Asks: 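Before I ask anything, here is the structure I am working with.
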Amino acid sequence: MKCAFTSVVARRNFGQNHVSATPPPSTPPAAQQASSPSAAAAKAKRDWPESVRLYVQRAFASENNIPGMNREEMETKLKQVISDSAESNTLLTVDWANKPLPQHMILAERHQTIYFNQNPPWGNGVAPLSIHDTNTRRTDSPSKKRKSSDLESSQNGHQKVPPWRLANNRNLFEDRITQSDKRQRNDFGGKSSSKSHQAKNKKRFEDGQAGYVSPKEPFTPSQLSTPPQEMDQGPVIGRCQDLEKKYFRLTSAPNPDTVRPLPVLERTLDLLKRKWKKENNYSYICDQFKSLRQDLTVQHIKTEFTVNVYEIHARIALEKGDLGEYNQCQTQLRALHLQHLGGHPEEFKAYRILYFIHTCNRTDMNNALADLTPEEKKVPAIKHALETRSALALGNYHRFAQLYLSTPNMGAYLMDMFVGRERLAALSNMCLSYKPAIKLRFFTEELGFESDDESARFICDHGGQAFLEDREGEVVILTGKAGRFFEATRQAAFQKVDIKGQI
Amino acid sequence: MSPPTVDKFLREIAGIVREKNGVKLQQYLKYEPPLEPLYNQMISEIRQVYGASSQDALEKKCKSFIPEYEEGDEGGSRSSFITFMVKYFSFLRDLDVSNLVETHDQLKSLLNQCILALGAFSIGLMILPTVISLSQTLARLAIGLDKRPDLTEHLNRRESTVGGQEAVERVTLVESSANVIREAFKKCLSERSGNLSGIDDNGKPEGRRIGIYLTANLCLKLFFHCRKLRSAEQIFGNIYQQSPPLGLFPASQRVTFLCYLGRYLFANSHFYRAQRALQSAYDQCHIQCISQRRLILIYLISSNIILGRFPSSKLLQRPEAAGLSEKFGPLCTAIAKGDIASFRRYLDLDSENAEWFLSKRIFLQLSNRCEVLVWRSLARRTFLLSGSQGDAMNKKAPTLALQDMLSLAILLEKKALNPNEGAHSAPTNGQASTRPPHANSIFMFPKATTPPPVANGYIDPDLADVVDPEPPVLPTMGIIESIVASLIEQDLLHGFISHSSHRFAITGAKNALPLQVGFPRVWDVLIARADKEVPGWVREEKKSPAFGGKFGPGMVVNLSGARPAGAAPA
C-alpha cells in the first residue's frame, strides 16, 4: 500500500489527506479535507482566513443546494478550488465573498460541456481511455473541470504522465480515499472473470482508436471537453533560427526551440532550391525537405508556401524515382489543393492519373475521372494523362508512344515507370499479330525508342535475341517465330506493381 | 427514492434476458425518436435521478436487476450487457436530435458497446437483433449526414487544423461508422458454435451466423457510399473464406449482397464474374422491387455490353428499365456499326451522358472496353465492304486492306471532331465546317490522309491554356496497325498482320466462312478467357472450412489463413 501510494506523484497533495489527520478545530468538516492538501503543500499548519471559511459555509448552506447535483461532486470541486488557491498562494487575495460557489462552477461547466459537444474535439485518440472505468470517473473530474472552466497553469504536472499511468494512479488513489468506492471495486474484482476484463480492455482499446473515437462520451459529459493531451497539440510557434535542420521523426511534443518559424522556413526553401540546383544531392535534399515539412506541420502552417514546399519536394522525389516520398507529398497536396491555397493542382492531378495507370488502379481512376471539372479536362497536362489512359485501354501503343514522347511537366518520370511494361505488352502483341517479320526500325519508331540499339537491347533484355536477324544489312524481328514467347514476361511485368505508400 | 419507470423497465428487460428473447429485447430497447410516452417518462426520471455524474449509481441499478452471473447459465458474464444498458440509458438521457453529428457519435459508441455484448458467450445471440437495428440506424444516419456537408463541415475543418500527422488518410464519418459495423460482422462471421459447416439441423445458418450478410450488406453500403472499395474487398474476402453458403440466407440478403459483389467485381474489371453475380441478383430480386431491380439492371446491362451482349428491346421495356434504353441504346448502336464517331461523341467526358455514366461509376469501364468492340466492328465492316474473300484452292487467305480501314476511321474521327457534318447530330458548337457544304465526304478520301492544318502561328503564352494546343489526332497507319494488333492479341480478330503489304489476313478459314472465323463472336471469345469461379460468392458448403470446426485427431488442418498468435483479427 505504501509504495503504491508514493508512486502517485502527480497527486501528492490530495493523497496527504489521509495522513494528516488533525485539522484545525475551527474549520467546518469540508474545509478540513480541503485544507489538508494545501497545508501539506505549505508544510505548515495554517489558520484558514475567515473569508475562506465563510465561503465553505456558503457552499454547504442548504439554500445554495442545486437539485440534480450531488454533494460529493460539489465537495470535490470545493476542495479543488481551495487547494488550487492555496498552491498559488492566493488564499488571501481571492475575493471569496464574490467567488462563484463550487456548485455554480459545476453548473457552468456543464453548460460549457454542451458547448463543447457542439464543437467536439476531433481525432484525439486519447480522451476516452479511462472514462469507462467507473472507479476513476469521479476523481479525474477535478483536473478536467479546471481545464474547461478556468485554464489554470498548475496542471503541467500530470500532463506529462501518459494516460494509462494516469488511469492507474487514479485507481490507487481512489482506492484509499473513499470507502464506498473501495467496496465497489472489491465487488467488481471479486466477481469479474477474466473475460469481462478482456471485454473492458477491448472496449477501451476500441474507444481509443482513432477511427472510433467519439469526441464526446455520452455517459460522462462532465469530463469530455478537453482531453489532457489536447493542449499539447495546439500549434507550436517555433524559435529556431537555423536554416538547415536534420529530419528527426517526432516521438513527443515538438520543442519550440528546434522548430523554425515561417520566415526562417521561407529562407530555408530558397537555400534548398539553390543547393539542389548546384549539388543535386538527393539524400540531403530529401532529409531537409522532410524536416521542413515537419516544421510546417507542427506549426499548422497551411498557406501557399506549404503547397509550394510539397510541390517542389514531390517533383524532386519524382525526378529521383522516390515513390514513397512522392506519395506522401501527393497525399498532402490533394488535401491542400482542395483548400484552394494556390499551387498547381492541375499538374498534380495529371500526375495522379498517370500514377493510377501505373498501379492499374481502376477504382480510383473512375473516381478521379468523375471528380474532374470541365475546365480541368481542358488543361493540357490532364488531357495528356487522359489520352494516355485511353490509348492504353485500347491497346493503341502507337499513340501511347507519341504521348510518351510529348509528356508535359514531370509526367515523363511517372511514365518511365510503366513504359517498360507497356512496350513489352506491345512487343508481345506485335509478335502475335505480325507475320512473318517486321523491321527493327519499325518497332523502334512505333514505341518511341531513341535508337535501334536501344530497342534491340530492350528485346535482348527480355530474352528475345534469338528472334533478331540481320537481313541484307537490316535487322528484323522474326515475329512469326516469336509467337507467344513474350506473353509470360508481359504478364509478369503487369503483376508486380510496387506500391509504396500509395494514396 | 427509486425511479418507478426505470425499475419497471429494467424488471421487464431482466425477464427478457432470462427468456433469451432477442427480438423482444430489440423491441423494448427503443432509442429513436419519437419515443412513446412511457419512454419519455423514463428519460425524465433518468435525468432527474441519474445525472451525468451518477454513472456508478446507474450501473448499480442495472446490476440489481440483471445479475452479472446467472445460476445455471453456461458461463460467461453479463457485464458487457450491463455496461451496454448503462450506455443505453445514458444515450436516452443525452440524446439531442438537434445535433445530429453528436447523435451519430453517441449512437456509434452505443453500438460499439452493443457489439462487445454480442461477443459475450451467454447473451451474444440474444442481442443480435439489437445490434442489427442499431447498425441500420447508424448507417442511415451516417449517409444522411454525409449528404449534409453543412453539418459535418466543422469536423473537416477541425481535422485539418488539429490532425497534425502527415500522410494520414482521413477517416470520414461514413467510414468510421462502417468500421464499427464491421466489428459486428466479424463477430457474426467468427461464430464458433455448432458444427463445422455452421449449419444447424434445419439447414439454417447457426448462431450468430445469421447476422453475417445483414451486417456485411450494411458495411458494403457504407463502403460503396464513401468509395472505399478496398475496404469492401476485405468483407468479400472474409465471407469467401468463412461464411456458410449464401443460398441459406433470405432472398433480400442474397440479392443485396450479390448486387454489391457484382458492382465490386465490375469496378475491378472482372466483367464476366460481375455478370454472373448480377444476373443471379436480378433473377432473385422480387419483381416489385423496381428501384433495386433497376440498380442491378444498370450494372448487369453494362457488364453484358462489355461482354458483347446487348439488352433486348423486350428487357428494356420492363418497368425497372425505364429510361435505360436512351442511355445504352446509342452505345449499342455505335458498337454494332463500328461507328467510332458516334461512340466518341456519346462517351465524351464533357457530354451530358458521361455525367450519368460517371455517377454510376460505369463510365471508365464502358469507354475503355467498348472502344475495343467498336474497332472490332469497324474492322469487320471494312472486311464486309472491301475485304478480299481469298481463295482456299490457291491457298490465298482472305484479307482486309488496312488502308481501307484507315480511310473509314479517318472519316469517322473527323465526324467526331466536327459533329456538324454528321446528318443526325445536332450542332454543339458554332464551329463551321472547313469544307464546302455540298462536298460529299466520301469524295474526300485522298485529302483526308493529310492532317488538317495545325495552328502554327504565334500563340501568346497566356492563351496557351485557353485554346486547345494539341492538334486533333487523326488515325494513321501506325495507329490502325497497333489497334488491329491488340485486337488480335485479345482473340477478337483471328489472323495476322502483314506489315509489308498493310493487310490483315484471316487464318483458318479453309472450311468456314472467313467472316465467322476472322471475327469471332465477342461473347464467345471473352467467356472462353474468363474464370468461372466468382470469389466472394459462397455457393456450396465447404468441405473443410479453415476455421470454426472441431478438429478430430488425424485431421489435416489448413493453417494458411491463420493469423499469428496474438495478432488482431483481420
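Just so it is clear, the model here is predicted, and its values are computed rather than measured. By convention in this document, chain letters (A, B, ...) are assigned in the order of the sequence lines, proteins followed by strands, and residues within each chain are numbered from 1.
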Asks: Looking at B/Ser269, B/Ser500, B/Ser498, which one has more heavy-atom pairs under 4.5 Å with chain A than the rest?
Replies: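 Option with the greatest count: B/Ser269.
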Asks: In terms of heavy-atom proximity below 4.5 Å to chain A, should B/Asp348 be classed as side chain, backbone, both, or neither?
Replies: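 Neither; nothing under 4.5 Å.
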Asks: With salt bridge (charged side-chain N to carboxylate O under 4.0 Å, His left out) as the criterion, how do A/Arg484 and B/Glu489 come out once you've worked through the C-alpha distance, each side chain's angles and the decisive distance to 0.1 Å?
Replies: CA-CA 10 Å; A/Arg484 298 202 172 263; B/Glu489 196 268 335; 5.8 Å; no
Asks: Where do B/Ser367 and A/Arg389 come nearest, in terms of heavy atoms and distance?
Replies: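 Closest pair (atom of B/Ser367, atom of A/Arg389, distance): OG-NH2, 4.1 Å.
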Asks: With a 4.5 angstrom heavy-atom cut-off, which part of B/Glu355 approaches chain A: side chain, backbone, both or neither?
Replies: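 No part of B/Glu355 comes within 4.5 Å of chain A.
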Asks: From A/Leu432 CG over to B/Phe496 CZ, what is the distance, rounded to the nearest 0.5 angstrom?
Replies: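 If we round to the nearest 0.5 Å, A/Leu432:CG and B/Phe496:CZ are 13.0 Å apart.
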Asks: Against chain A, work out which of B/Arg369, B/Arg227, B/Gln365, B/Glu371 has the most heavy-atom pairs shorter than 4.5 Å and name it.
Replies: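 Highest number of pairs under 4.5 Å: B/Arg227.
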Asks: Do A/Asp364 and B/Arg230 have side-chain heavy atoms sitting under 4.5 Å apart?
Replies: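 Yes. Closest side-chain heavy atoms under 4.5 Å.
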Asks: Quick check on the interface: out of A/Glu487, A/Glu446, A/Glu375, who has the most heavy-atom pairs with chain B under 4.5 Å?
Replies: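 Max contact count across the listed options: A/Glu446.
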Asks: Flag the pair B/Ile497 / A/Met430 as yes when at least one side-chain heavy-atom distance between them is below 4.5 Å, and no otherwise.
Replies: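 A side-chain contact is absent here, since even the closest heavy-atom pair is not under 4.5 Å.
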Asks: Output the distance between atom CG (A/Leu369) and atom CZ (B/Phe363), rounded to the nearest 0.5 Å.
Replies: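 Answer rounded to 0.5 Å: 7.0 Å.
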Asks: Please classify the contact of B/Ser359 with chain A as side chain, backbone, both or neither, using a heavy-atom distance under 4.5 Å.
Replies: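 The answer is neither part of B/Ser359.
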Asks: The criterion is side-chain contact (heavy atoms from CB on, under 4.5 Å); which residues satisfy it with A/Asn396, sequence neighbours excluded?
Replies: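 A/Ala391, A/Leu394, A/His398, A/Arg399, B/Ile479, B/Ser482, B/Ile483.
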Asks: Taking all atoms of both residues into account, what is the closest heavy-atom pair of B/Ala485 and A/Asn429, and its distance?
Replies: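 Reported closest heavy-atom pair: O-OD1, 3.4 Å.
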Asks: With chain B, which of A/Ser390, A/Gly395, A/Cys431, A/Ser433 has the greatest number of heavy-atom pairs at distances under 4.5 Å?
Replies: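 Of A/Ser390, A/Gly395, A/Cys431, A/Ser433, A/Ser433 has the most heavy-atom pairs under 4.5 Å with chain B.
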Asks: Measuring from atom CD of B/Glu481 to atom CZ of A/Phe442, what distance do you get when rounded to the nearest 0.5 angstrom?
Replies: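 If I round to the nearest 0.5 Å, the distance is 4.0 Å.
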Asks: Name the region of A/Lys435, side chain, backbone, both or neither, that has any atom closer than 4.5 Å to a heavy atom of chain B.
Replies: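 Contact with chain B involves both backbone and side-chain atoms of A/Lys435.
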Asks: Using the rule given for side chain to side chain contact (heavy atoms under 4.5 Å, CB included), can you reason through A/Thr479 versus B/His499, listing the C-alpha separation, both sets of side-chain angles and the distance that settles it, and then say yes or no?
Replies: CA-CA 11 Å; A/Thr479 47; B/His499 181 54; over 6 Å; no
Asks: Sort B/Thr476 into side chain, backbone, both or neither according to what part of it lies under 4.5 angstrom from a heavy atom of chain A.
Replies: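 Answer is side chain: those atoms of B/Thr476 sit under 4.5 Å from chain A.
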